[in-house]
Amino acid sequence: QVQLVESGGGLVQAGGSMRLSCAASTRTFRSYAMVWFRQASGKGREFVAAFSGSGGNLDYADSVKGRFTISRDNAKNTVSLQMDSLKPEDTAVYYCAAKVLCCGYRQPDSINYWGKGTLVTVSS
């Protein structure tokens, strides 16, 4: 069982920046693709960004490409999401997620472990 704990959410003005972090409790952190999803009120959970466990492959949703940056620290078992040039439409609960092996992580049904989420609110 892997526990994921997010931190760093809150309120920010449009155009501002925010950094989310996620700490994972596992001895095999490198074997997981670490993924960020988000869920706006009344909408489904959508893929935001991913960082594979090995190989360092990065993947971003088109809606955040160029504005968000995912990073991971395998020594500290953490993954972060730097969010810049935030827009009101980025308002959502952001979830940290982990998937065994590398692929198929864009689909919520494929995820093995979820954090509880952290709310990000971007005011206009």
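Hydrogens, waters and symmetry mates are skipped; everything else that's a heavy atom, side chains included, is used.
The shortest side-chain heavy-atom distance between V64 and R38 falls under the 4.5 Å cut-off. Between E89 and S124, every side-chain heavy-atom pair lies at or beyond the 4.5 Å cut-off. Annotation: side chain of V35 is in contact with side chain of F47 (closest heavy-atom distance under 4.5 Å). Residues V79 and I70 meet the side-chain proximity criterion, which asks for heavy atoms closer than 4.5 Å.
The minimum heavy-atom distance between Y94 and V48, with the atom names listed, is CE2-CG2, 4.4 Å. Contact record, Y32 with R72: O-NH1, 2.9 Å, taken as the closest heavy-atom pair. Residues A97 and I111 come closest through the heavy atom pair CB-CG2, 3.6 Å. A24 and L4 get closest at one heavy-atom pair: CB-CD2, 3.5 Å. The two residues S17 and Q82 have their closest heavy-atom pair at CB-NE2, 3.9 Å. Nearest approach of R67 to L86, heavy atoms of both residues: NH1-CA, 3.9 Å.
Ion pairing of D90 with K87 is absent here, as no side-chain N (NZ or NE/NH1/NH2) approaches a carboxylate O to less than 4.0 Å.
Checking Y105 against D59 by side-chain atom types alone, a donor-acceptor pair falls below 3.5 Å. Side-chain polar atoms of D73 and T78 form no donor-acceptor pair below 3.5 angstrom.
Here the two rings, on F37 and W114, have centers that are under 6.0 Å apart.
Here the side chain of S110 pairs a donor or acceptor atom with the backbone of G104 at under 3.5 angstrom. Counting only distance, with no hydrogens or angles, the side chain of S80 and the backbone of S21 share no donor-acceptor pair below 3.5 Å.
At most 12 heavy atoms of other shown residues, nucleotides or ligands fall within 6.0 angstrom of atom CD in Q3.
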